[in-house]
Each structure stands twice: as structure tokens, then as C-alpha cells.
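Only this structure's heavy atoms are used, side chains among them; waters, hydrogens and symmetry mates stay out.
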Amino acid sequence: MKNAASFVLILLGITPVFGGVIPESLDLAKTIKIADVHMHLMGGGGKDLIQKMNQGGVQWGGAVGGLRSDGTIRMKSALKNRYIGSLGQAEYQAVLKDKGETGLNDMADPRFVKLFEISEKMFADKSVKVFGEIHINNEKSGGGKGYRVNTYLTTPVVLKMYEIANRHDGFVQVHSDGIENLKDLHKIARDFPKTTTILAHCVPFSRPNNIREFFINDLNVVCELSGNGPIFNNSRVITSDGPRTEWLELIEEFPDRFMVGSDPCCGLAPRYNELVQALRDGLFPYLKPETLKKVAYQNAVRLFDLKD
């Protein structure tokens with residue numbers, strides 16, 4: 001035990017940070033390229049978006065959408081091969097806002113009909129690789145008015161996304177504030193073995209052992225680490241002193257299953273470069289060099305088949 005403060009943290013169920021900076025990783029963290037797999041459409045897009053990515057050393061970005069139905073086209077036009085194509089968030093959120101959770105059972109809603117028609121083509125030609133970000137529970141993290149939801153992976157709409165993604169070796173990025181709403185994930189992972197589930201923010205309010213169970217049982221489940229750290233007032237995974245020991249151990253135990261993201265949502269778009277720098281300062285230097293390379297970009301390159 002290092003000190004009394006650490007003892008108090010453990011009594012409260014919070015693991016203190018004991019890991020230290022790794023010198024080789026500290027240098028690498030400053031310049032390593034990044035694949036941002038939780039990058040919503042920001043600001044005006046286009047040149048502004050590319051400028052921010054270039055300033056932050058972000059080579060690829062996307063894997064989540066936004067609330068604009070034309071977001072996918074705008075992102076693809078701006079980023080070309082640097083865009084990790086995503087579809088479905090705008091339509092999902094629009095129906096949720098209009099109809100509530102019951103709307104997620106309405107496969108006849110014109111917005112879903114159109115979405116699933118175009119998604120077949122876009123997944124087939126690889127212009128889109130991900131359905132997401134799909135919120136199944138956001139009650140604790142503060143889903144905005146009209147967007148709050150508390151449901152499961154088994155709504156007809158979400159299952160259809162898994163079905164389409166499965167035909168094209170695709171992905172579904174899911175936001176759930178806890179593991180309770182992911183109770184069907186083991187079955188989903190088995191039923192759709194060619195679909196990879198990306199757990200957004202590595203499941204807010206979860207503990208490492210929850211994630212470890214998914215990783216052990218389901219090879220097609222991965223995590224991304226956005227939404228953690230001081231900028232988000234969230235020290236669950238990353239504190240002002242670096243990552244917590246129990247999360248650092250999990251990342252090193254499963255180095256092929258983690259990616260990073262910025263989540264420039266909800267007023268944070270102007271701080272995009274701060275979000276990226278927070279990863280370079282608060283996470284990367286504490287990872288072993290080979291793990292750092294995988295988490296920063298190599299896992300994303302492998303999973304999404306990214307090109308420079």
C-alpha cells in the first residue's frame with residue numbers, strides 16, 4: 001500500500017493508479033499515428049475536419065455517425081480513405097425521438113426501410129463498415145431529451161443491423177451504460193459470428209472483469225476507450241495520473257481487443273485536439289510499446305482494413 005489515500009480509494013472500490021510511464025512509450029506517444037474509432041461529424045466538416053485530424057496526428061476517423069442523415073456522405077467526401085464509414089445513428093436517433101423505444105420495433109418505418117436498403121449496397125462496396133453509434137442504454141450518462149433509451153440488443157432494428165453486418169464482415173458499435181443491457185451479447189456474438197461488436201467507451205459504469213468475461217467468451221467483441229479521462233470528468237479508466245491499474249492490466253492482457261476514440265460530442269468538437277492529446281498524455285505512455293502501437297492504430301487497421 002503506497003499511502004493512506006490509496007487505502008481509502010480501495011475501500012471505496014476505486015483502484016488507484018500504480019503503473020508508471022514507460023520511457024520508450026513516452027517518446028512514441030508523442031508522434032504515433034492514431035485511428036479515431038469514435039469520431040462524430042464535427043462542425044462544418046471538410047477542410048476544418050481534416051485540419052484538426054492532421055494537427056492531432058489522426059490518420060483515420062469515424063466508426064460512428066451523428067444526427068445528420070447526410071453525415072456519411074459528407075464524411076466520405078471530406079476524408080476519402082481516411083474515413084471509417086458508419087451508418088444508422090441518425091435514423092435510429094430520429095425514430096427514437098419521434099416514437100420512443102417502441103419505434104425500434106417498427107421495421108416498417110420509412111426511415112428504417114430506406115436505411116436498410118442503402119446499407120446493403122454501402123456495406124457491399126465497403127464505403128460503410130459500421131452501424132453506429134447505436135444507443136441501447138444511456139440513462140446514466142445523460143441521454144438528451146428525446147434520445148434517452150433503455151432497451152436491449154434484441155430489438156428488431158438492432159438485430160437487422162447485426163444481420164446485414166454479418167453478411168459483409170461488418171461492425172456494430174453499441175453504447176450501453178452498463179452490462180445489464182448487454183445480457184444477450186454472448187448469444188448475439190454466436191448468432192452473428194462475422195459481425196464484430198464494438199463496445200463504445202468500453203461500457204460506461206462497467207468494471208474490467210465485466211469486459212474480461214466478454215473477451216474470454218466472445219472473440220468478436222472489442223472495446224474502444226473514448227469518453228474517459230479528465231476532459232469528460234470521468235476517471236473510471238483514465239485519471240489525471242494515467243490509467244487505473246486494473247484497466248491497464250486488462251489492456252495488456254488483451255492488447256488486440258482495444259482501440260481509441262475521441263467522442264467530440266455534445267459541445268466538445270472545438271476541443272478535438274485536446275481530446276486527442278489527452279490520449280497521448282494520459283494513456284499511451286503507460287502502455288508497453290507494442291501494445292501502444294496496437295491500441296493507437298494497428299488494431300483498427302487490421303479490423304477495418306484501413307489504407308493510407
Side-chain angles (χ1 to χ4, degrees), residues 34-42 45 49 53 58-93 112 114-136 153 155 157-176 182 185 188-189 192-203 218-227 257-265 297-307:
I34 292 173
D36 181 350
V37 304
H38 201 111
M39 191 181 78
H40 295 287
L41 176 64
M42 297 178 290
L49 179 57
M53 291 175 67
V58 177
Q59 181 63 29
W60 305 273
V64 290
L67 301 183
R68 295 184 56 143
S69 59
D70 66 344
T72 299
I73 294 173
R74 294 180 68 208
M75 292 281 270
K76 182 66 176 176
S77 175
L79 301 184
K80 306 292 190 295
N81 287 341
R82 296 174 68 176
Y83 177 49
I84 306 169
S86 177
L87 193 67
Q89 182 170 0
E91 294 82 359
Y92 184 92
Q93 298 288 171
F112 287 142
K114 182 178 179 181
L115 168 66
F116 293 133
E117 285 178 353
I118 65 173
S119 64
E120 291 282 6
K121 176 182 180 300
M122 297 184 80
F123 270 85
D125 67 18
K126 304 297 184 184
S127 57
V128 160
K129 299 178 181 180
V130 188
F131 282 112
E133 174 186 10
I134 305 303
H135 286 240
I136 62 170
L153 291 169
T155 62
V157 166
V158 175
L159 286 176
K160 184 67 174 178
M161 292 178 179
Y162 271 92
E163 176 192 326
I164 293 172
N166 197 63
R167 286 199 292 275
H168 302 285
D169 298 311
F171 304 77
V172 180
Q173 182 160 177
V174 174
H175 176 121
S176 178
L182 296 170
L185 182 55
I188 293 285
F192 303 99
K194 293 185 177 181
T195 299
T196 298
T197 299
I198 305 169
L199 298 174
H201 322 298
C202 214
V203 188
D218 308 308
L219 296 179
N220 52 344
V221 174
V222 299
C223 260
E224 67 86 18
L225 290 164
S226 70
R257 310 290 280 278
F258 283 91
M259 297 179 286
V260 292
S262 60
D263 195 16
C265 167
Y297 75 96
Q298 288 179 350
N299 288 339
V301 168
R302 170 177 53 83
L303 288 166
F304 297 117
D305 191 25
L306 300 178
K307 310 296 181 186

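Under the ring pair (Phe, Tyr, Trp, His ring centres under 6.0 Å) criterion, Phe258 pairs with Phe215, not counting sequence neighbours. Residues that satisfy the side chain to side chain contact (heavy atoms under 4.5 Å, CB included) test with Leu219, not counting sequence neighbours, are Arg257. Applying the ring pair (Phe, Tyr, Trp, His ring centres under 6.0 Å) rule to Phe123 yields the partners Phe131; only residues at least two apart in sequence or on another chain are considered. The side chain to side chain contact (heavy atoms under 4.5 Å, CB included) check on Thr197 picks up Tyr162, Val174, Leu185, Leu199, Val221, with sequence neighbours excluded. Every side-chain hydrogen bond (donor to acceptor under 3.5 Å, both in side chains) that Arg167 has, sequence neighbours left out, goes to Glu120, Glu163. Residues that satisfy the ring pair (Phe, Tyr, Trp, His ring centres under 6.0 Å) test with His135, not counting sequence neighbours, are His175. By the side chain to side chain contact (heavy atoms under 4.5 Å, CB included) test, Asp70 pairs with Arg68, Arg74, sequence neighbours left out. By the side chain to side chain contact (heavy atoms under 4.5 Å, CB included) test, Ser86 is found to be paired with Tyr83, Val130, residues two or more places apart in sequence or in another chain being considered. In terms of the ring pair (Phe, Tyr, Trp, His ring centres under 6.0 Å) criterion, Tyr92 has no residue partners (sequence neighbours excluded). Annotation: side-chain hydrogen bond (donor to acceptor under 3.5 Å, both in side chains) contacts of Ser127 (sequence neighbours excluded): Asp125.
Rounding to the nearest 0.5 Å gives a distance of 13.5 Å between CZ of Phe192 and NZ of Lys194. The line from CE of Met53 to CE of Met39 is 4.5 Å long, rounded to the nearest 0.5 Å. Note: Leu159 CG to Ile164 CD1 = 11.5 Å, rounded to the nearest 0.5 Å. To the nearest 0.5 Å, atoms OG1 (Thr196) and CG (Asp218) are separated by 11.0 Å. Taken to the nearest 0.5 Å, the CD1 atom of Ile188 stands 10.5 Å off from the CG atom of Asn220. Once rounded to the nearest 0.5 Å, the distance linking CE of Met75 with CG of Leu41 reads 5.5 Å.
Looking only at distances, a side-chain donor or acceptor of Ser119 sits under 3.5 Å from a matching main-chain atom of Leu115. Remark: the backbone N or O of Leu67 is not paired with any side-chain donor or acceptor of Gln93 at under 3.5 angstrom. When atom types are taken as modelled, the side chain of Thr195 and the backbone of Asn166 share a donor-acceptor pair closer than 3.5 angstrom. Under the 3.5 Å distance criterion, the side-chain polar atoms of Trp60 are left unmatched by any main-chain donor or acceptor of Val37.
Defined by atom type and a distance below 3.5 Å, a donor-acceptor pair is present between the side-chain atoms of Ser262 and Asp36.
Nearest heavy-atom pair across Ala63 and Phe304 is CB-CZ, 4.4 Å. Closest of all the heavy-atom pairs between Gln173 and Val64 is NE2-CG1, 3.4 Å. Here the shortest heavy-atom pairing between Leu306 and Ala35 reads CD1-CB, 4.4 Å. Between His38 and Pro264, the closest heavy-atom pair is O-CD, 3.5 Å. When all heavy atoms of Gln89 and His40 are compared, the closest pair comes out as OE1-CE1, 3.5 Å. In this structure, Gly61 and Leu79 approach most closely via the heavy-atom pair O-CD1, 4.2 Å.
Looking at heavy atoms from C-beta onward, Phe112 lies out of side-chain contact with Lys160 at the 4.5 angstrom threshold. Considering only heavy atoms from C-beta on, His201 comes within 4.5 Å of Asp263 through its side chain. The side-chain heavy atoms of Ile34 and Gln59, taken from C-beta on, include no pair separated by under 4.5 Å.
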Run the side chain to side chain contact (heavy atoms under 4.5 Å, CB included) check on Ile198 and Phe171 step by step: do they pass? CA-CA 7 Å; Ile198 305 169; Phe171 304 77; 4.1 Å; yes
The test is side chain to side chain contact (heavy atoms under 4.5 Å, CB included); show your working for Met259 and Leu225 and say whether it passes. CA-CA 6 Å; Met259 297 179 286; Leu225 290 164; over 6 Å; no
Between Ile136 and Leu153, does the side chain to side chain contact (heavy atoms under 4.5 Å, CB included) criterion hold? Intermediate values first, please. CA-CA 7 Å; Ile136 62 170; Leu153 291 169; 4.0 Å; yes
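Annotation: Lys114, atom NZ; neighbour count of heavy atoms from other residues, nucleotides and ligands within 6.0 Å does not exceed 12. Within a 6.0 Å radius of CD1 in Ile118, more than 12 heavy atoms belonging to other residues, nucleotides or ligands are found.
Applying the salt bridge (charged side-chain N to carboxylate O under 4.0 Å, His left out) test to residues at least two apart or on different chains, none of the pairs has a partner in residues 76-93.
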